[in-house]
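Chain letters run A, B, ... following the sequence lines, proteins first and then strands; every chain starts at 1.
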Amino acid sequence: MQQVFTKAMARNIFLGGAVFFLAIYVALSVDTWYRIPERDHADKLSPAVLQGKYVFDENNCIGCHTVNGEGAYFAPELGNVYKRRGSAFIKAWIESQPTGVPGRRQMPNFHLSQKQLDDLILYLQWLSNIDTNNWPPNIQG
Amino acid sequence: MKYQSQKVAKPYFIGALVLFFGQIVFGLIAGFQYLDGSFLFPGLPFDVVRMSHTNLLIVWLLMSFMGAAYFIVPEEAQTELYSPKLALVTFWVFFTAAALTILAYLFVPYAHLAAITGNAALPTMGRGYLEQPLPTKIGIVLVALSLLFNVTMTLIKGRKTSINLILVGSLWGLALLFLPAFYFPEDTVKASFAWWWVVHGWVEGDWELILGALLGFILIKMTGVDREIVEKWLYIIVAMTLVSGIIGIGHHYYYTGSPSYWIWLGSIFSILEPVPFVLLIAFSFKMLMQRRREHPNKAAMLWALATPIMAFLGAGLWGLMITLAPAQYYMHGTNFTAAHGHLAFFGAYAMISLSIISYAMPLLRDRTANSAIAQRWEITGFWIMVLSMLGIALALTGAGIVTVILQRAADHPMSFMQVQDKARVFFWVREFAGLGFFIGLLIYLRSFFIAGDYEYASEMKRALAG
């Protein structure tokens with residue numbers, strides 16, 4: 001039987017390919033790491049914004065919503081919600097949940113304090129200024 | 001089955017199927033909440049149902065991978081498992097932890113769960129698929145360490161086949177790739193970038209290696225084809241997985257805040273990502289053609305041959321559809337992604353799990369194969385589940401198209417909720433397909449309760465008479 005292409009050669013392509021592309025990926029990631037703070041204005045990540053982010057995460061907002069397209073597809077995009085709705089609307093909206101309209105998708109009331117609400121909105125504002133290569137295509141997200 | 005210690009795989013497989021059942025129940029509830037938003041509210045808000053659905057999926061897949069490892073590694077290594085007792089204890093720890101976590105999701109508000117499990121000290125919660133509280137995440141690491149210790153010790157003392165090396169190596173990869181779950185940068189863009197190390201690293205990298213190793217093992221056993229040929233194919237397939245998939249992670253970085261060069265890198269390498277699935281199809285059918293025996297377990301053969309096809313459709317084709325940057329610009333974060341997710345998770349990872357379960361469970365129950373009647377139930381369940389999942393994927397694709405046309409690419413874009421109303425018919429189709437899947441699952445599970453071994457003599461007689 002002809003053995004031009006052996007198992008050992010196949011294995012070496014596998015190992016070599018994995019190491020080669022992993023090295024490239026690590027190099028690119030390091031570069032990305034240095035560029036992200038510029039693109040998302042990391043200097044504006046104040047303690048209040050980070051508090052707001054914590055409120056966002058501990059209430060599992062991405063369990064229904066998306067942020068920059070990532071999360072669940074049950075409720076609207078939040079990456080640009082600050083620009084779409086503005087802070088007063090967002091605050092009033094969160095406070096008035098759930099709407100209780102029969103059959104309509106319901107958002108729970110998370111019983112946030114005024115401080116938590118303000119921080120959360122600051123975080124949403126920070127999100128809305130990330131350079132996402134012009135995504136989403138329009139304000140509706 | 002050649003070694004007594006392989007028996008520890010049995011509780012893993014049964015546990016996996018129990019959790020699979022739970023996953024589908026939550027899927028039906030979540031699907032119905034798209035139609036009636038106040039269904040079970042406020043008792044079970046959508047996010048709780050959804051994370052129960054997705055977390056059960058991950059845990060049952062991990063559980064069946066672990067069962068597969070405990071079944072395959074000793075047989076390939078030609079030696080008993082290093083510690084069957086440890087494997088059994090680990091199963092109960094894992095199963096109990098999984099059940100407690102789901103119960104906590106259902107009965108404790110998420111923010112409260114975060115507060116009582118130390119999330120403030122080391123924040124890890126509130127990320128998709130990684131919603132587990134800190135103690136559960138630590139538990140997953142401990143379970144993985146126990147598995148790795150057990151199978152690595154077995155591998156060291158036994159024969160080192162390529163299948164075993166790929167399988168054990170990819171289990172190490174699985175555990176290592178879980179560690180970024182403990183790393184949650186405060187910068188949301190960085191957090192998303194790192195989140196994909198776990199999610200993309202698993203489903204578009206490491207798990208494909210596990211899939212390959214499991215499929216290779218099943219095909220060697222069922223077709224009797226020479227190991228050298230199978231293992232050479234396997235190395236080529238897993239090489240293509242990593243060559244395409246490592247930089248292919250860039251397709252997650254287009255519109256989430258990372259630099260623009262990922263648009264080119266991600267698009268180019270993503271085009272290659274279906275290649276390993278095409279190779280998997282070619283490989284499995286070639287092995288079928290060259291088979292040297294007719295295995296009586298027809299159901300397992302069906303699962304094993306259908307897995308690469310469905311994986312190609314779900315991961316390869318549906319993935320490719322949304323992966324090129326200009327298309328993703330409109331499809332990102334729509335039900336296109338959900339369609340791809342459903343078909344890929346089912347076609348690749350659920351089906352390879354059900355393949356190894358179909359092959360191994362009869363042997364674990366001291367049968368050569370299940371009786372012809374039990375196999376007919378299993379095969380009926382197979383077809384209903386596969387066709388239903390295609391229905392779910394097509395319905396979600398329809399919903400995605402509605403969003404693209406009315407919300408993303410429209411001259412006068414409609415709001416999210418208006419568009420969701422327009423897509424209602426597709427959510428109905430999805431729910432009915434989901435019910436179909438559930439019925440298929442019941443039929444499939446029924447096959448396990450039919451007693452009796454495969455009887456060569458009577459089947460032969462039936463074949464000759466018919």
Problem set entry | Minimum-distance pair of heavy atoms, taken over all atoms of B/Ser38 and A/Gly103 | OG-N, 2.8 Å
Problem set entry | Among A/Ala10, A/Pro136, A/Cys61, A/Pro137, residue most engaged with chain B (heavy-atom pairs, under 4.5 Å) | A/Pro137
Exercise. Under a 4.5 Å heavy-atom cut-off, does chain B meet the side chain of A/Ile130, its backbone, both or neither?
Worked result: side chain
Exercise. What residue, out of A/Ile36, A/Asn12, A/Asp131, has the most heavy-atom pairs lying under 4.5 Å from chain B?
Worked result: A/Ile36
Exercise. Of all of B/Trp233, B/Tyr261, B/Trp195, which one pairs up most often with chain A through heavy atoms under 4.5 Å apart?
Worked result: B/Tyr261
Problem set entry | Aromatic plane relationship, A/Phe74 with B/Phe46 - under 30° parallel, 30 to 60° tilted, over 60° perpendicular | parallel
Exercise. Do you know the tightest heavy-atom contact between B/Gln407 and A/Asn138?
Worked result: O-ND2, 2.7 Å
Seminar exercise, completed: Max heavy-atom pairs within cutoff under 4.5 Å with chain B, candidates A/Ser29, A/Ala8, A/Ala75, A/Gly100, goes to A/Ala75
Exercise. At what distance, to the nearest 0.5 angstrom, does OH of B/Tyr255 lie from CG of A/Asn133?
Worked result: 7.0 Å
Exercise. Side-chain donor-acceptor pair under 3.5 Å between A/Asn134 and B/Tyr329, yes or no?
Worked result: no
For this session: Check whether any side-chain heavy atom of B/Lys190 lies under 4.5 Å from a side-chain heavy atom of A/Pro37, and answer yes or no.
Result: yes
Problem set entry | Modelled atom types, side-chain donor and acceptor of A/Thr32 and B/Trp262, under 3.5 Å | yes
Problem set entry | Closest non-hydrogen atom pair between A/Ala42 and B/Asp187, with its separation | CB-OD2, 3.8 Å
Exercise. CD1/B/Ile247 to OH/A/Tyr25 distance, rounded to the nearest 0.5 angstrom?
Worked result: 8.5 Å
Problem set entry | Engaged part of A/Leu45 at the chain B interface, taking heavy atoms whose separation is under 4.5 Å | side chain
For this session: May I ask you to establish whether A/Arg105 and B/Phe427 are in a cation-pi arrangement, using a distance under 6.0 Å from NZ or CZ to the six-membered ring centre and at most 45° from the ring axis?
Result: yes
Exercise. Taking side chain as C-beta onward, heavy atoms only, is B/Leu242 less than 4.5 Å from A/Phe20?
Worked result: no
Exercise. Which region of A/Leu127, side chain (C-beta onward) or backbone (N, CA, C, O), has a non-hydrogen atom less than 4.5 Å from a non-hydrogen atom of chain B, or is it both or neither?
Worked result: side chain
Exercise. From A/Phe14 CZ over to B/Leu234 CG, what is the distance, rounded to the nearest 0.5 angstrom?
Worked result: 10.0 Å
Exercise. What do the steps show when you test B/Thr188 against A/Phe56 for side chain to side chain contact (heavy atoms under 4.5 Å, CB included), and what is the final call?
Worked result: CA-CA 11 Å; B/Thr188 299; A/Phe56 189 93; over 6 Å; no
Seminar exercise, completed: Under 4.5 Å to a heavy atom of chain B? For A/Trp33 that would be both
Problem set entry | Per-residue contact mode, A/Asn59 against chain B (heavy atom under 4.5 angstrom) | both
Exercise. In terms of heavy-atom proximity below 4.5 Å to chain B, should A/Arg104 be classed as side chain, backbone, both, or neither?
Worked result: both
Exercise. If we ignore angles and hydrogens, is there a donor and acceptor under 3.5 Å between the side chains of B/Thr256 and A/Glu70?
Worked result: no
Exercise. Where is the tightest heavy-atom contact between B/Glu231 and A/Lys7, given as atom of each residue plus distance?
Worked result: OE1-NZ, 2.6 Å
Problem set entry | Minimum heavy-atom distance B/Arg408-A/Trp135, with the two atoms named | NH2-CZ2, 3.4 Å
Exercise. Of the backbone (N, CA, C, O) and the side chain (C-beta and beyond), which part of A/Arg39 lies under 4.5 Å from a heavy atom of chain B, both, or neither?
Worked result: side chain
Exercise. A/Tyr123 versus chain B, heavy atoms under 4.5 Å apart: side chain, backbone, both or neither?
Worked result: side chain
Problem set entry | Part of A/Asn109 lying under 4.5 Å from any heavy atom of chain B | neither
Exercise. Counting heavy-atom pairs under 4.5 Å to chain B, which of A/Glu38, A/Met107, A/Glu77 comes out on top?
Worked result: A/Met107
For this session: Assess whether side chain to side chain contact (heavy atoms under 4.5 Å, CB included) is satisfied between A/Phe110 and B/Tyr110, documenting all intermediate values.
Result: CA-CA 10 Å; A/Phe110 295 103; B/Tyr110 196 70; over 6 Å; no
Problem set entry | Heavy-atom side-chain contact between B/Ile236 and A/Phe5 under 4.5 Å | yes
Exercise. Is chain B contacted by the side chain of A/Asp40, its backbone, both, or neither, given a heavy-atom distance below 4.5 Å?
Worked result: side chain
Problem set entry | Nearest heavy atoms of A/Ile62 and B/Arg50, plus distance in Å | O-NH1, 4.4 Å
For this session: Test B/Ser162 against A/Arg11 for side chain to side chain contact (heavy atoms under 4.5 Å, CB included), laying out the working first.
Result: CA-CA 9 Å; B/Ser162 296; A/Arg11 187 193 59 215; 6.0 Å; no
Problem set entry | B/Lys422, NZ atom: more than 12 neighbouring heavy atoms under 6.0 Å | no
Problem set entry | A/Thr99 portion near chain B, given a 4.5 angstrom heavy-atom threshold | neither
Problem set entry | Test side chain to side chain contact (heavy atoms under 4.5 Å, CB included) applied to A/His65 and B/Phe416, step by step | CA-CA 11 Å; A/His65 295 272; B/Phe416 178 88; over 6 Å; no
Exercise. If only atom types and distance count, is the side chain of B/His332 paired as donor or acceptor with the main-chain N or O of A/Asn68 below 3.5 Å?
Worked result: yes
